[in-house]
Amino acid sequence: MKKNKLNPALLALTAAVVVLSVWGPEALSTYQDRTVLNAVTTKEEAGGVGYRYQLSRSEKLYILSQCLNAQSVPGTEQSTQTRETQMNYQELPGTYAFVVNHNGPSGQEITDAQIYGTVNEGMKTLKELGILPDTIREAEPAAYEATLYSAIDVPEPRNNVAVWKLSLAGSLQNANKENRLIDAYVDADDGKIYEFYVRSGLKWEDIDPDELVAKWSAYMDLPAPAAYENDNPLLETTPYYKKYVFSGAGDDRTVVTVGFYDGINELFLKVSK
């Protein structure tokens with residue numbers, strides 16, 4: 001009988017497959033580990049200049065208040081430079097900055113064509129809540145100037161709040177301002193009104209600041225405020241005001257003022273000191 005002889009090449013191939021199946025995975029893993037350990041790997045992080053984290057309302061309020069408080073006296077050289085800064089966060093001075101957003105709305109924010117309708121809807125809501133007098137007129141584009149700003153936490157620039165500032169146009173400064181909105185800061189994401197100045201026929205004795213700020217905090221989805229205990233009369237240029245404190249994360253707190261300028265009958269609610 002003739003015996004079958006195994007092919008030497010086939011035997012060698014089979015032996016190689018067996019060896020690789022036993023030692024191959026371990027050797028490959030060791031090689032990959034050495035590759036990772038001995039090399040610097042970089043990963044591009046999503047979100048560049050202008051990206052904003054989703055902030056809570058308390059965080060937004062705090063950042064905006066700090067930015068408004070950090071503003072220089074109008075007309076100074078530093079103030080002018082800050083207003084003209086084109087979103088170069090690395091060159092901004094201080095911890096908080098309030099700068100014109102020259103890039104315009106990002107596509108997720110209220111546009112310049114929408115801002116007047118948004119403000120009027122906001123004022124309508126504030127009237128229904130009893131925060132603003134019913135006599136306040138709507139804001140029409142011909143009478144107002146709207147500017148988009150970014151309130152920026154400079155060390156963490158992605159923590160920033162986009163707000164529209166609406167102001168009565170300079171050409172109407174000598175016009176009759178009764179029953180008009182004078183200034184307002186409006187959230188560029190959802191249209192909530194943070195701060196406002198309005199003129200009407202109201203007197204300070206007609207205003208209940210505790211009730212007003214309680215209604216405003218509910219409108220803003222904020223927790224109830226506490227009374228501001230360390231009051232300093234030099235902080236305001238009017239004797240008719242009351243301050244409140246809204247707590248935030250950690251030691252963060254925001255001072256909100258309800259006040260009134262007698263003589264011009266101007267009611268205001270502001271988040272800056």
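Fair warning: this is a prediction, and the values are worked out from it, not measured in the lab.
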Apply salt bridge (charged side-chain N to carboxylate O under 4.0 Å, His left out) to Asp183 and list each qualifying residue two or more places apart in sequence or on a separate chain. none
By side chain to side chain donor-acceptor pair (under 3.5 Å), Ser200 pairs with (sequence neighbours left out) none
Val119 vs Tyr144 side-chain heavy atoms within contact, under 4.5 Å: no
Does anything in residues 122-135 pair up under side-chain hydrogen bond (donor to acceptor under 3.5 Å, both in side chains), and if so which pairs, sequence neighbours excluded? Thr135-Asn179
Near Phe268 CZ, under 6.0 Å, is it more than 12 heavy atoms from other residues, nucleotides or ligands? yes
Sequence neighbours excluded, the answer for side chain to side chain contact (heavy atoms under 4.5 Å, CB included) partners of Glu195 is Leu68, Tyr185, Tyr197, Lys270, Val271, Ser272
Sequence neighbours excluded, the answer for side chain to side chain donor-acceptor pair (under 3.5 Å) partners of Thr147 is none
Sequence neighbours left out, what pairs pass side-chain hydrogen bond (donor to acceptor under 3.5 Å, both in side chains) with at least one residue falling in residues 113-122? Thr111-Gln114
Any side-chain hydrogen bond (donor to acceptor under 3.5 Å, both in side chains) pairs touching residues 208-225, not counting sequence neighbours? Asp210-Lys242, Asp210-Tyr244, Glu211-Lys215
Residues in side chain to side chain donor-acceptor pair (under 3.5 Å) with Asp190, at least two apart? Arg57
Give a yes or no answer on whether the side chain of Trp164 reaches the backbone of Ile110 with a donor-acceptor pair at less than 3.5 Å. yes
Glu140: which residues meet the side chain to side chain contact (heavy atoms under 4.5 Å, CB included) condition with it, sequence neighbours left out? Arg137, Ala143, Arg180
Nearest non-hydrogen partners of Ala97 and Cys67, listed with the distance: O-SG, 3.3 Å
Check salt bridge (charged side-chain N to carboxylate O under 4.0 Å, His left out) between Glu266 and all other residues, then give those that pass, not counting sequence neighbours. Arg199
Listed by chain and number, what are the side chain to side chain contact (heavy atoms under 4.5 Å, CB included) partners of Asp153, not counting sequence neighbours? Tyr96, Pro155, Glu156, Asn159
